[in-house]
Amino acid sequence: MALEWEQIIVDSAAPVALGRWWAEALGWVVVDESEEIIEIRPEPDRMPGLLFVPVPEGKTSKNRLHPDFRPDDQEAEVARLLSLGARRADTVQDGQHWVTLLDPEGNEFCVLSDRKS
């Protein structure tokens with residue numbers, strides 16, 4: 001039996017707006033959209049993707065799962081994401097090699113520094 005990872009579901013107050021934000025942040029494409037949901041992928045036929053769906057309740061605590069990204073230039077990428085509407089999280093510790101940001105709905109994600117040899 002084969003198991004293929006198709007997508008991650010993201011609960012959202014405003015799924016289409018949040019999905020479009022992540023599509024811009026990641027450079028991904030919209031593959032499905034209605035008034036209530038939006039699915040984005042790296043390329044139309046490439047998975048996994050992210051499917052943003054509406055939920056009535058708001059986010060109340062830290063995410064149990066969050067993505068980490070490793071860009072070529074951490075400082076430039078953090079600045080770009082902040083210019084798109086991300087916010088810095090309050091969880092900064094001395095010596096850490098990542099920056100924790102929040103998307104427009106407060107979901108955490110990290111931007112990592114270069115790998116050390």
Side-chain angles (χ1 to χ4, degrees):
M1 174 166 51
L3 184 63
E4 183 176 10
W5 181 2
E6 181 151 335
Q7 61 199 7
I8 291 177
I9 308 301
V10 181
D11 292 347
S12 175
V16 173
L18 188 60
R20 289 197 168 280
W21 186 88
W22 275 104
E24 185 174 0
L26 296 171
W28 287 16
V29 296
V30 174
V31 296
D32 188 23
E33 181 178 350
S34 72
E35 289 183 19
E36 293 190 341
I37 63 112
I38 186 170
E39 182 180 0
I40 65 172
R41 294 183 185 167
E43 297 172 11
D45 296 326
R46 190 170 146 215
M47 296 183 282
L50 296 172
L51 177 63
F52 297 82
V53 300
V55 294
E57 69 277 359
K59 183 176 179 289
T60 58
S61 64
K62 183 177 182 252
N63 294 4
R64 300 283 306 256
L65 173 74
H66 76 258
D68 286 351
F69 301 102
R70 190 177 305 277
D72 294 333
D73 182 335
Q74 180 190 43
E75 185 177 333
E77 189 61 20
V78 167
R80 184 185 75 85
L81 292 164
L82 291 171
S83 76
L84 293 176
R87 301 180 321 274
R88 287 186 180 269
D90 293 334
T91 56
V92 177
Q93 301 171 359
D94 291 335
Q96 71 186 31
H97 64 278
W98 65 90
V99 175
T100 303
L101 298 177
L102 306 172
D103 74 11
E105 289 198 10
N107 299 301
E108 298 90 359
F109 64 98
C110 291
V111 181
L112 308 175
S113 63
D114 293 339
R115 283 191 187 345
K116 302 297 179 204
S117 303

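Atom set for the values below is all heavy atoms of this structure, side chains included, hydrogens, waters and symmetry mates excluded.
Applying the salt bridge (charged side-chain N to carboxylate O under 4.0 Å, His left out) test to Glu33 and every residue at least two apart in sequence or in another chain returns Arg20.
With rounding to the nearest 0.5 Å, the separation of CD in Glu43 from CG in Asp45 is 8.5 Å. Here OG1 of Thr100 is found 13.0 Å from CZ of Arg87. Values are rounded to the nearest 0.5 Å. A distance of 10.5 Å separates CG in Leu50 from CZ in Arg41, rounded to the nearest 0.5 Å. Separation of atoms CG (Leu65) and CG (Asn107) is listed at 10.5 Å; rounding is to 0.5 Å.
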TODO: Take Asp68 and Trp98 through the side-chain contact (heavy atoms from CB on, under 4.5 Å) test and state the conclusion after the steps.
DONE: CA-CA 9 Å; Asp68 286 351; Trp98 65 90; over 6 Å; no
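Residues Val99 and Arg88 have side chains in contact (heavy-atom distance under 4.5 Å, counting atoms from C-beta outward). Side-chain contact between Pro42 and Leu26 is absent, with no heavy-atom pair separated by less than 4.5 Å. Proximity of Cys110 to His66: side-chain heavy atoms (C-beta onward) are separated by under 4.5 Å at one or more points. You'll find the side chain of Glu6 reaches within 4.5 Å of the side chain of Met47, heavy atoms only.
Residues Val30 and Ile37 do not share a hydrophobic cluster, clusters being chains of Ile/Leu/Val/Met/Phe/Trp/Tyr side chains in contact below 4.5 Å. Residues Trp22 and Trp5 are members of one and the same hydrophobic cluster, defined by side-chain heavy-atom contacts under 4.5 angstrom among Ile, Leu, Val, Met, Phe, Trp and Tyr. Linking Ile, Leu, Val, Met, Phe, Trp and Tyr whenever their side-chain heavy atoms come within less than 4.5 Å puts Trp28 and Phe52 in one cluster.
Summarising the geometry of Ile40 relative to Ala23, their closest heavy-atom pair is CD1-N, 3.6 Å, with the distance given to 0.1 Å. Between Glu77 and Ala25 the shortest heavy-atom distance is OE2-O, 4.4 Å. Taking each heavy atom of Gly85 and Pro104 in turn, the nearest pair found is O-CG, 4.4 Å. Heavy atoms only, all atoms of each residue included: Trp21 and Leu84 are closest at NE1-O, 2.8 Å. Heavy-atom minimum distance, Val16 versus Ser34: CG2-O, 3.5 Å.
With respect to Arg70, the side-chain contact (heavy atoms from CB on, under 4.5 Å) criterion is satisfied by exactly one of Asp114, Val111, Leu112: Leu112.
Taking Ile, Leu, Val, Met, Phe, Trp and Tyr as hydrophobic and joining them when side-chain heavy atoms fall under 4.5 Å apart, one finds Val29 in a cluster with Val31.
A perpendicular orientation is assigned to the rings of Phe69 and Phe109, their planes being inclined by more than 60° (bins at 30° and 60°).
Here the side chain of Glu108 pairs a donor or acceptor atom with the backbone of Asn63 at under 3.5 angstrom. Of the possible polar contacts, one joining the Lys59 side chain to the Ser61 backbone as a donor-acceptor pair under 3.5 Å is found.
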Donor-acceptor contacts under 3.5 Å from residues 7-14 side chains, at least two apart:
from	atom 1	to	atom 2	distance (Å)
Ser12	OG	Ala14	N	3.1
Ser12	OG	Ala14	O	3.4
Ser12	OG	Glu105	OE1	3.1
Ser12	OG	Glu105	OE2	2.7

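Applying the 6.0 Å contact sphere to CD of Glu57 captures more than 12 heavy atoms from other residues, nucleotides or ligands.
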